[in-house]
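Notes for the one structure printed next.
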Amino acid sequence: LVFNEPFRPQYHFSPPSQWMNDPNGMVYWDGEYHLFYQYYPDSNVWGPMHWGHAVSKDLVYWEHLPVALYPDENGWIFSGSAVIDHQNTSGLGTKENPAMVAIFTFHDPVGEKNGRDDFQTQGIAYSTDKGRTWTMYEGNPVLKGPGIKDFRDPKVFWHTESNLWIMSLAVKDKISFYASPNLIDWTYLSDFNPAWAAYGGVWECPDLFPLTTEDGETKWILFVSINPGGPQGGSATQYFIGDFDGTTFKTTTQSVKWLDWGADNYAGVTWSNVPETDGRRLFIGWMGNWNYAQVVPTHPWRSAMTVPRSLHLSKKGDDYLLLSRPIEELKKLRASQAEIKGEKIQLENELMELDLRTKSSDFRLELANAFGEKLVLTGDKENLRLDRSQSGIIDFEKGFANAQIASLNEIAVETLTIYLDRSSIEVFVNGGELVLTSIQFPKQPYDKLRLEGFEPSNRAYSLKSIWR
Ligand code: FRU
């Protein structure tokens with residue numbers, strides 16, 4: 001596989017060809033991180049959904065595998081999750097060789113066309129050979145809706161305290177929780193929809209998981225992707241911090257928080273079954289936005305994932321903050337290191353990691369090429385701003401050429417870690433206190449870096465492609 005087309009991500013995951021959206025079913029098992037994804041193998045725009053599949057031993061280098069789940073008489077295969085059924089609660093594997101069980105939404109296009117309100121249901125499928133072959137459970141669907149059209153994206157985890165599987169489900173403008181002893185029989189538990197949350201669009205792709213602060217305090221985090229209604233327009237993911245007692249999730253914070261302030265991180269969720277010896281909560285998101293994902297100028301594939309990130313919880317006064325950091329494994333990609341001295345630097349490579357220290361709250365960073373195309377990142381006391389209005393090809397959608405403004409909310413920018421790939425930029429402030437992910441399509445790689453307001457010496461690494 002060459003994967004060297006214009007704009008082809010060189011170290012971000014992308015499908016070999018055709019359309020991809022949400023990451024699905026991420027699960028670690030027997031030395032492999034599985035990544036499934038919303039996939040339409042017959043076109044490079046959205047259509048009848050399948051689950052594409054890839055595996056990685058280190059979350060950096062990926063091996064593409066055949067399509068895992070195909071539409072059947074219950075419908076197309078929408079987003080969902082996967083677990084390892086260690087105790088064989090489902091009876092679909094054995095304790096010695098536990099089943100990998102995928103829990104996903106069936107979207108019945110015929111029911112939708114006929115104006116029904118029960119066309120989204122939840123189904124399961126299982127594999128006993130490390131995800132290589134899959135069998136649909138014959139009693140599908142396992143959970144039917146209460147007559148609400150948007151009833152999807154099940155994310156399931158094993159809740160040790162209650163000895164039950166817990167499912168978070170996106171139901172129009174709320175998250176509903178369900179419980180099951182066996183992944184087959186599900187009982188409704190509760191709803192979550194606080195009045196002050198962001199409701200600019202439909203709620204999708206929830207994820208509920210615990211995180212512990214450095215001081216040993218454990219809180220539960222709930223992710224809710226919304227589309228539209230994100231801070232830059234279109235898609236984005238909000239998160240809530242609170243407590244989960246096995247039945248109900250209650251927030252202890254009272255304001256909308258964005259997992260990523262950029263325009264292009266959506267529907268992200270976390271890996272299940274990561275070994276306790278690792279202990280990390282690992283995340284990947286879809287590096288796209290429904291406002292224009294289907295018309296971006298790439299061929300023969302569309303879309304990529306963010307770099308994998310580890311999530312951390314920190315206490316800030318009375319409030320909590322979720323930090324997202326690029327995983328350590330990405331350091332493997334470093335090919336050569338250079339000291340950045342001065343304000344104008346010629347970049348040797350289009351794939352870069354930049355580790356920068358600011359001098360004050362006012363700074364400016366410009367990445368440009370010989371065509372005069374540029375990306376401009378600026379900071380002041382209040383905001384971080386990424387302007388992609390002259391970043392390259394922008395005319396495929398009216399709103400693409402925007403300036404993305406992130407509210408710093410008292411965060412004083414000290415360090416910036418920037419990952420630049422052929423068609424994306426990810427900016428991590430102060431080790432993940434604020435993140436901004438954005439895509440762009442320059443006709444030629446940016447090779448000139450201009451810095452204003454940074455310390456005199458910074459570091460830059462050229463990165464390797466994972467495909468060569
Ligand atoms: C989010 C989403 C999910 C749905 C899937 C369909 O991007 O709309 O809610 O399951 O994509 O592809």
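Computation of the quantities below employed the complete heavy-atom set of this structure, encompassing side-chain atoms and omitting hydrogens, waters and symmetry-equivalent molecules. As the structure lists them, so they are numbered: ligands from 1, and atoms in each ligand from 1.
Atoms of ligand 1 found under 4.0 Å from any heavy atom of Y266 (numbered from 1 in listed order, with element): 1 (C), 7 (O). Atoms of ligand 1 found under 4.0 Å from any heavy atom of R152 (numbered from 1 in listed order, with element): 3 (C), 4 (C), 9 (O), 10 (O). For ligand 1 and M49, the ligand atoms under 4.0 Å from any heavy atom of the residue are 12 (O).
With Q404 contributing its side chain and W261 its backbone, the two residues share no donor-acceptor pair below 3.5 Å.
Heavy-atom separations between W76 and ligand 1 are all 4.0 Å or longer. Heavy atoms of D153 approach ligand 1 to within less than 4.0 angstrom.
What sits closest to atom 8 (O) of ligand 1 on the protein, heavy atoms only, is E204 OE2, 2.9 Å. Atom 6 (C) of ligand 1 has its closest protein heavy atom at Q38 OE1, 3.2 Å. The protein non-hydrogen atom at the shortest distance from atom 2 (C) of ligand 1 is D22 OD2, 3.3 Å.
Under 4.0 Å from ligand 1, not a single heavy atom of W286 appears.
Of the charged side-chain nitrogens involved, at least one lies within less than 4.0 Å of a carboxylate oxygen, so that E328 and K331 count as a salt-bridged pair. The pair K155-D207 counts as a salt bridge, with a side-chain nitrogen and a carboxylate oxygen less than 4.0 angstrom apart. Using a cutoff of 4.0 Å between basic side-chain nitrogens and carboxylate oxygens, K257 and D319 are scored as salt-bridged. Ion pairing between a basic and an acidic side chain is recognised when a charged N comes within 4.0 Å of a carboxylate O; K316 and E433 show no such pairing. In this structure, E426 does not pair ionically with R325, as no charged nitrogen and carboxylate oxygen lie closer than 4.0 Å. Checked for salt-bridge contact, D150 and K174 miss the test: no charged N lies under 4.0 Å from a carboxylate O.
Checking only distances, S79 does come within under 3.5 Å of ligand 1, N or O to N or O. Residue N21 places at least one N or O, backbone or side chain, under 3.5 Å from an N or O of ligand 1.
Within 6.0 Å of NZ on K172 lie no more than 12 heavy atoms contributed by other residues, nucleotides or ligands.
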